[in-house]
Amino acid sequence: MSSRLPFLLLVTITLLLVSATIVEKLAGTEVATRCIYLSPILTGLWGATAVTGIAVVLARRMAMGFGSLLLHLSLVLILAGAAMTRFTGEHGNIKLTSGESPVTHWTLSDGSAGEFPFEISLVECGTEYHSSEVAVRDYFSILLIDGREERVSMNHVVDHRGYRFTQSSIGAGTATLSVSHDPWGRMVSFTAYAILFISMVVVLAGSPRFHLLLRKSLLPALILLPSLSWSQPRTLQAPLARTFGDIFVVSGGRICPAQTFARDFCNKVYGSDSYEGLSAEQVLTGWIYYYDSWKHEPFITLHSREARELLGKKRVSLSELFTRDGYILKPLLEDGSHISRDLLSDDEKVTFISSVVAGRLPAIFAGDSFEGSVRLEEIASDIAIGRYRNADSRLKDFSIWQRSVGSDRLPSPVAISAEKLYNITYYPLLAAIVAFSGGLVGLCRLRRGATVVAWAILLYLSSVIAMRWIAGGHIPLATGYETMLCLAWCSALTAVVCTPRLQSIVPLGLLVCGASLMVAMMSSRNPAVSPLVPVLASRLLSLHVMLVMSAYALLAIIALNSAIGLAGRGSADTSRLLLYPALFLLGAGIFVGAIWADRSWGRYWGWDPKETWALVTFIIYSFPLHDRTFTAFRNDRCINLYLLLAFLSVLMTYFGVNYLLSGLHSYGVS
């Protein structure tokens, strides 16, 4: 039997998986699942891959190391566990109502009825909130199973006699729970994951090929500069605006300093945390107290092509968007044939400004007290008649009063200090320019200078992430903005770690770091620090994202090195070396994500487009490690070209799935 047969089957599987994500977008999840994911053809291909793979491994077992044998065994066991889940597992849901009699039946995913070997009923269900009483912290249900109370909530699954209950949704006195009964498939799959993790460590520690590449021993750049302008609308003096920034408001479902809301307001509407030399606090208070002056300012940055063509410019004032005929973007929004994401974003900016002007945002924390409203009216009155010193004093008193009435709901003093420091010290554009400059210095063979920059960027990003962590109360790895920040940190860390032995990696790590910071800065999202939605409040999520972002950082560096290699300057051995930890980190990240999904949704794999494309990426990058089968990968030019093109799968996994497809994973763009 040809040793290439398992790989040919994998190529076919990969093409089917890619087509499935497209079918899901066009025809829906049910069609994609029935026709491709769970089709007899794909099932047969997975089985044939396992069988032929085992045959090839057995034939070559004498030439393979222990770690490699263990790794391939784990992959076969993963497929075996998936097969058990497919053919012996049961999945469905049950809807319970508080106060009703215990039941023993549940609904399977195919519509048929299943029966528990026990009775279950709902005692109560509800929602828990963060201290702001706006953002949801958790959804929970109290169940009575076999006479014992059990609590089900997000990321807290109840296991009882082989049945797993996860929180799906709640209503008025009702709770819908996802149910799974898959003891064998789950046990085999999780055992395989453990073997996979062990085997990857063994391969990296004992692989002669990896150590040889390590003993044998990377490059382009971009620089973007912001544009400046010089007109000055009416606003508060900087000290008074800063005092306003110290009061507490409710934003993003949590209580935070007004400084944070002001910064997010500027970033969202204008695209920068300042405007023509004015601080974010001055901009916000300008809109609140001097609307007539600000409505003529070109403060709204348009991103949609339709709006720019209609108005003939990139930045417009609020007054330009409203004429005698009404809202100028309304005809575009009412045209159902094509409404772009950017157009909706532009409309959202107008709504955001209108909410600020109307006094709906920011919601100033007043402890539900009439006294708070009176104090705010007095402050507004002082500002209106120009008694700024008095207004400053009242604002300071108001901040102290907020602390007294909301001591049990306000963030801790440490968290507040960290958030304020984060707001005034994080400049992604400046950090990106420094990283790019360091990369260019390294490319000019001034390696020591690049190393100094790498250490400086790493320490700076570490402090920024730490402050965001303290302010938000969770590891900042949940949103697209945060994951790009993490990717930048991982790239800088790679540059520093590789300094002693692989100096050529340092400039590439800095270039990837700079590019990641640019993407974070230019992202259309509002990069606000906010509480996690309940399903994301898991340490497994943090580990999953950290592993995957580390892999993406290495794969980005590999792509850059390969591009340079095609130009005759980079070393293909460096790419081969980094491919080992990159692929293993990606594999570990995928399967930690599966464990997290099992904890959150009661299933470890669901063929979500992001999951599917992550698996596709893993398969694509696994081929170059088999250069004994595919001798073309021993050619430097061939492997450089392959690894450069393979990075398109990473871009599709991280960005393309969010923009072009759909699914449960939305951190890439939200």
Side-chain angles (χ1 to χ4, degrees), residues 24 28-34 37-38 81-82 84-128 136 138-146 148-187 189-190 533-538 540 593-611 662-666:
E24 182 172 359
T29 301
E30 184 179 346
V31 174
T33 301
R34 184 180 69 252
Y37 290 131
L38 300 184
M84 291 180 183
T85 296
R86 166 77 190 281
F87 296 109
T88 68
E90 297 177 312
H91 303 273
N93 62 78
I94 183 172
K95 186 173 183 178
L96 300 172
T97 302
S98 177
E100 290 191 351
S101 301
V103 298
T104 59
H105 292 84
W106 58 295
T107 304
L108 297 172
S109 53
D110 61 5
S112 60
E115 186 170 357
F116 300 123
F118 50 82
E119 292 185 336
I120 181 173
S121 61
L122 177 67
V123 178
E124 65 172 305
C125 60
T127 305
E128 295 178 345
V136 175
D138 206 355
Y139 302 99
F140 70 91
S141 297
I142 306 298
L143 307 177
L144 187 65
I145 308 177
D146 273 351
R148 187 175 67 182
E149 287 193 356
E150 299 278 5
R151 177 188 169 97
V152 181
S153 59
M154 305 305 297
N155 291 311
H156 186 270
V157 179
V158 167
D159 267 302
H160 188 76
R161 295 170 67 175
Y163 290 85
R164 292 171 58 79
F165 298 90
T166 56
Q167 188 71 59
S168 179
S169 63
I170 63 171
T174 64
T176 300
L177 307 173
S178 295
V179 185
S180 67
H181 183 239
D182 178 33
W184 291 107
R186 190 169 170 273
M187 180 186 68
S189 295
F190 279 42
V533 295
V535 74
L536 300 182
S538 168
L540 285 173
I595 297 170
W596 170 49
D598 181 72
R599 297 289 299 170
S600 297
W601 294 294
R603 54 151 178 83
Y604 56 85
W605 196 266
W607 293 119
D608 182 76
K610 183 78 78 172
E611 296 172 349
S662 59
L664 295 173
H665 300 73
S666 61

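Any value given below was found using the heavy atoms of this structure, including those in side chains, with hydrogens, waters and symmetry copies removed. Bear in mind the structure is a predicted one, so any value in this text is a computation, not a measurement.
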Check: Between Trp607 and Glu24, is any pair of side-chain heavy atoms under 4.5 Å apart?
Finding: no

Next item on the list: Only pairs at least two apart or in different chains count here, so list each ring pair (Phe, Tyr, Trp, His ring centres under 6.0 Å) that has a residue in residues 152-173.
Entry: Phe116-Tyr163, Phe116-Phe165, Phe118-His160, Phe118-Tyr163, Tyr163-His181

Margin query: Please give me the minimum heavy-atom distance between Gln167 and Ala175, naming the atom from each residue.
Written below: NE2-CB, 4.2 Å

Next item on the list: Under the salt bridge (charged side-chain N to carboxylate O under 4.0 Å, His left out) rule, what do Asp598 and Arg164 come out as? Steps first, then yes or no, please.
Entry: CA-CA 10 Å; Asp598 181 72; Arg164 292 171 58 79; 2.8 Å; yes

Margin query: Determine whether a donor-acceptor pair (N or O, by modelled atom type, separation under 3.5 Å) exists between the side chain of Glu611 and the backbone of Gly606.
Written below: yes

Check: Can Glu119 and Thr104 be counted as having a side-chain donor-acceptor contact under 3.5 angstrom?
Finding: no

Item checked: Nearest heavy-atom neighbours spanning His91 and Trp106 -> C-CZ3, 3.7 Å

Note to self: Is there a side-chain contact (heavy atoms from CB on, under 4.5 Å) between Val103 and Ile120? Walk through the geometry before answering.
What the structure shows: CA-CA 5 Å; Val103 298; Ile120 181 173; 3.9 Å; yes

Next item on the list: Tell me, with the steps shown, if Trp605 and Thr85 meet side-chain contact (heavy atoms from CB on, under 4.5 Å).
Entry: CA-CA 10 Å; Trp605 196 266; Thr85 296; over 6 Å; no

Item checked: Shortest non-hydrogen contact from Gly162 toward Pro183 -> O-CD, 4.4 Å

Check: Are Ser141 and Ile170 side-chain neighbours, meaning at least one heavy-atom pair lies under 4.5 Å?
Finding: yes

Margin query: Does any part of the side chain of Lys95, heavy atoms only, come nearer than 4.5 Å to the side chain of Thr107, both counted from C-beta?
Written below: no

Notebook entry, point to check: Under a 4.5 Å cut-off applied to non-hydrogen side-chain atoms, are Leu143 and Leu96 in contact?
Noted result: yes

Checklist line | Side chains of Thr176 and Asn93, donor plus acceptor under 3.5 Å | finding: no

Notebook entry, point to check: Got a sec, which residues hit salt bridge (Lys or Arg N to Asp or Glu O under 4.0 Å) with Glu150, two or more places apart in sequence or on another chain?
Noted result: Arg148

Next item on the list: Please answer whether the main-chain N or O of Thr29 pairs with a side-chain N or O of Thr33 as donor and acceptor at a distance below 3.5 Å.
Entry: yes

Next item on the list: Give a yes or no on this: more than 12 heavy atoms of other residues, nucleotides or ligands lie within 6.0 Å of atom CH2 of Trp184.
Entry: no

